[in-house]
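In the text below, chain A, chain B and the rest are named by the order of the sequence lines, each starting its count at 1.
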Number of protein chains: 2
Amino acid sequence: MDQNKIPQATAKRLPLYYRFLNNLNQQGKSRVSSKELSEAVKVDSATIRRDFSYFGALGKKGYGYNVEYLLEFFRKTLDQDEVTEVALIGAGNLGTAFLKYNFMKNNNIVIKMAFDASAEKVGEDIGGVPIYHIDEMEERMDGIQVAILTIPAGETDGVTERLVDYGVTGILNFTPARITVPEHIRVHHIDLAVELQALVYFLKHYPLENE
Amino acid sequence: MDQNKIPQATAKRLPLYYRFLNNLNQQGKSRVSSKELSEAVKVDSATIRRDFSYFGALGKKGYGYNVEYLLEFFRKTLDQDEVTEVALIGAGNLGTAFLKYNFMKNNNIVIKMAFDASAEKVGEDIGGVPIYHIDEMEERMDGIQVAILTIPAGETDGVTERLVDYGVTGILNFTPARITVPEHIRVHHIDLAVELQALVYFLKHYPLENE
DNA sequence: AGAAAGTCGTTACCCATTTCACAATTTAAT
DNA sequence: ATTAAATTGTGAAATGGGTAACGACTTTCT
Ligand SMILES: NC(=O)c1ccc[n+]([C@@H]2O[C@H](COP(=O)([O-])OP(=O)(O)OC[C@H]3O[C@@H](n4cnc5c(N)ncnc54)[C@H](O)[C@@H]3O)[C@@H](O)[C@H]2O)c1
Ligand SMILES: NC(=O)c1ccc[n+]([C@@H]2O[C@H](COP(=O)([O-])OP(=O)(O)OC[C@H]3O[C@@H](n4cnc5c(N)ncnc54)[C@H](O)[C@@H]3O)[C@@H](O)[C@H]2O)c1
């Protein structure tokens, strides 16, 4: 769709910039420098300038960036106009927290439906999201391309296979299981236990450094 | 404490290796090659060998690695002998999910207590963890060094300041707010909304590539 | 015993990303 | 009008991490 030239590291920071620019705009600020932005989002100012420069010359030398212009630009670039619908698989502890959270607000993403294997959950509505039985997944999915996985680790392979067969293009996997998918499907892992343990490890072994 | 030579990227993979070695050990396997490990944890085998080599020659050429030996080694390296106690601030949707999760099992980390500002939550026990009022934080913390932040974004700066004054050394921050702390304190950010939006962005703009 | 296969540890290279540093430009001040 | 200050965009260097490839060694096979 867009230019394939934008580095992935940059792409990951865009939502962050976008959210902060929104704040600034709401505060009525009309102008911002890379230095100010840097302090707020904790990213080096040179990195910010470089990131922006991939999209062309968005700023003005000696002045900085116009907040409204930048915001408008990113809104288009991040496709904030169209809502992305995702499905959540596994309405347990973690899944429930996500269902109650409003990703719509800043991110224009909405969890459209959830699936679970437990009879207790099926039929319920959590945070306004209907929960269907996992057996009905394929017939209910209605073209949804992205799935959030919050099921027990042991269930992961089976469910993943079904998601792949169904035709999702992206999976956000919160289980500790490492999944195998065809190359054209993108998987992001978020392993909360590993994150926590890694933090503890760093504290013990790198007492005074920064990340 | 240990060698400062270990790259951060390696350090982040250690908990993953550890968990998988545990599985292998429980399955009764006594020997494993970097190739097998690679397939299981989805990390290139050369990277695994490189990672291990930072700690010395742990394997044997032509044979692979001895599971029990490696496990014992990592147990020591990752300080899996001592339990790390952490505190959770904000027993809301996300916080509750964490409280109900057993980080102890594989990670020897335990959420010892939680704090919340809401009268409804205080006094409750979630997942066996007592919830105290945030006003009592300093007197209850009892030397805990690590905090998990799951409070509303707007509360983040105030609470962070108190945590810093109290003397924590590490914070795992799930709020969208970017916090400022003195250099000697380590903060890891996990911004779930950004992760989700980044996944969606990649799907739309890099349809066929790998991360 | 000797040959073949397997596997590590490491060297050398590659790539992506970050950061420095500065010319170019604009704004603000006197 | 001139000067000083601010700030961008980017070339070049530094950092950091990943991986192909191979010599060395071990195990297994015949
Ligand atoms: N809760 C946490 O804080 C936390 C932390 C780290 C990792 N995780 C991981 O996240 C995942 C979910 O954790 P959780 O605490 O929410 O677990 P949970 O047991 O509370 O929830 C799992 C849910 O999945 C449902 N389920 C089971 N099999 C299913 C299937 N085949 N199809 C659809 N639904 C199915 C269950 O009915 C349940 O509602 C687990 O893999 C866990 O290891 C959770
Ligand atoms: N739930 C999600 O899926 C999700 C996703 C992305 C980001 N987040 C972020 O995680 C954070 C928590 O989200 P949540 O959904 O659990 O929110 P929540 O409102 O359910 O929970 C927040 C909890 O913090 C408590 N609290 C408020 N002020 C406090 C204070 N000063 N000290 C201690 N406790 C206080 C509240 O009483 C409440 O129990 C938010 O910053 C949110 O943006 C959550």
Side-chain angles (χ1 to χ4, degrees), chain A residues 3-14 16-17 21 24 29-67 69-70 73-74 178 183 188-189 198 201-202 205-206 209-211, chain B residues 3-14 16-17 21 24 29-70 73-74 189 198 201-202 205-206 209-211:
Chain A
Q3 318 84 327
N4 275 30
K5 323 157 212 139
I6 286 125
Q8 307 221 350
T10 296
K12 282 196 183 176
R13 283 186 292 266
L14 298 182
L16 189 58
Y17 297 147
L21 288 167
L24 279 185
K29 281 207 77 169
S30 68
R31 167 182 171 176
V32 68
S33 71
S34 61
K35 187 150 161 282
E36 279 174 279
L37 260 173
S38 169
E39 277 151 26
V41 299
K42 312 279 191 261
V43 171
D44 186 273
S45 69
T47 301
I48 293 178
R49 291 198 300 282
R50 169 84 64 198
D51 282 346
F52 288 0
S53 79
Y54 290 115
F55 299 96
L58 304 178
K60 239 204 277 192
K61 296 182 182 185
Y63 173 89
Y65 301 89
N66 178 291
V67 172
Y69 176 78
L70 212 51
F73 183 84
F74 278 123
R178 259 44 186 180
E183 260 199 13
H188 284 204
H189 271 277
Y201 178 86
F202 282 135
H205 296 265
Y206 300 73
E209 326 214 12
N210 353 0
E211 188 184 356
Chain B
Q3 318 84 327
N4 276 29
K5 320 157 215 142
I6 286 125
Q8 306 222 350
T10 296
K12 282 198 182 174
R13 284 187 291 265
L14 298 182
L16 190 60
Y17 297 148
L21 288 168
L24 278 186
K29 281 207 77 170
S30 67
R31 168 182 170 175
V32 69
S33 70
S34 60
K35 186 148 162 283
E36 280 175 278
L37 260 172
S38 169
E39 277 150 25
V41 299
K42 313 276 190 259
V43 171
D44 187 274
S45 68
T47 301
I48 293 177
R49 292 199 297 282
R50 160 85 64 212
D51 282 347
F52 288 1
S53 79
Y54 290 116
F55 298 96
L58 303 178
K60 238 204 277 192
K61 296 182 179 183
Y63 173 90
Y65 301 89
N66 179 292
V67 173
E68 221 168 313
Y69 176 79
L70 212 50
F73 182 85
F74 278 122
H189 270 277
Y201 179 86
F202 283 136
H205 296 264
Y206 302 71
E209 327 215 12
N210 351 1
E211 189 183 355

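Distance from the side chain of B/K61 is smallest for C/dT7 among the nucleotides C/dT7, C/dT19, D/dT7. In the set C/dG9, C/dT19, D/dG17, C/dT19 carries the atom at the smallest distance from any side-chain atom of A/A46. Taking only side-chain atoms of A/R49, from C-beta outward, the nucleotide of D/dT8, D/dT19, D/dG18 with the closest atom is D/dT8.
One atom, CG of B/L70, and another, P of C/dC8, lie 11 Å apart when rounded to the nearest Å. For the pair B/R13 CZ and D/dG17 P, the computed distance is 9 Å after rounding to whole Å. Across the protein-nucleic acid pair, A/F52 atom CZ and D/dG9 atom C1' stand 13 Å apart, rounded to whole Å. Remark: C1' of C/dC8 and CD1 of B/I48 are 13 Å apart, rounded to the nearest angstrom. Between A/N66 atom CG and D/dT8 atom P there is a gap of 13 Å when expressed in whole angstrom units. One atom, CZ of B/F55, and another, P of C/dC8, lie 17 Å apart when rounded to the nearest Å. Atoms CD1 (B/I6) and C1' (D/dG16) sit 16 Å apart, rounded to a whole Å. If you take CG of A/D51 and C1' of C/dT19, they are 12 Å apart, rounded to a whole angstrom.
At a threshold of 4.0 angstrom between heavy atoms, the contacts of A/S34 are confined to the sugar-phosphate backbone, with no base atom among them.
Here the closest non-hydrogen pair linking B/R31 and B/V67 is N-CG2, 3.6 Å.
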message: One pair to check against side chain to side chain contact (heavy atoms under 4.5 Å, CB included): A/K60 and A/N66. What are the steps and the verdict?
response: CA-CA 8 Å; A/K60 239 204 277 192; A/N66 178 291; over 6 Å; no
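DNA chain C is contacted by both A/D44 and B/V32; B/V32 maps to the nucleotide lying nearer its 5′ end (nearest heavy atom per residue). Map A/A9 and A/G62 each onto its nearest nucleotide of DNA chain C; the residue landing nearer the 5' end is A/A9. Mapping B/V43 and A/K35 onto DNA chain D by nearest heavy atom places A/K35 at the nucleotide closer to the 5' end.
More than 12 heavy-atom neighbours from other residues, nucleotides or ligands sit within 6.0 angstrom of NZ on A/K42.
The aromatic ring centroids of A/F52 and A/F74 lie less than 6.0 Å from each other.
Contact annotation: A/R31 side-chain N/O to D/dT8 OP1/OP2 distance is not under 4.0 Å. Between B/K60 and D/dT27 there is a side-chain N or O to OP1 or OP2 distance below 4.0 Å. Checking the phosphate oxygens (OP1, OP2) of D/dG9, a side-chain nitrogen or oxygen of A/Y65 falls inside 4.0 Å.
Residues A/V43 and A/S38 have side chains not in contact (no heavy-atom distance under 4.5 Å, counting atoms from C-beta outward). For the pair A/E36/A/L24, no side-chain contact is recorded, criterion being any heavy-atom separation below 4.5 Å from C-beta on. Looking only at side-chain heavy atoms (C-beta outward), B/Y65 and B/S33 stay at 4.5 Å or farther from each other.
Comparing the local axis fitted to the first five base pairs of the helix from C/dA1-D/dT30 to C/dT30-D/dA1 with the one fitted to its last five gives a bend of 10°, rounded to 10°.
One N or O donor and one acceptor, one from the side chain of A/R50 and one from the base of D/dG11, sit under 3.5 Å apart.
Here the straight-line distance linking atom CG of A/D51 with atom NZ of A/K12 works out to 13.5 Å at 0.5 Å rounding.
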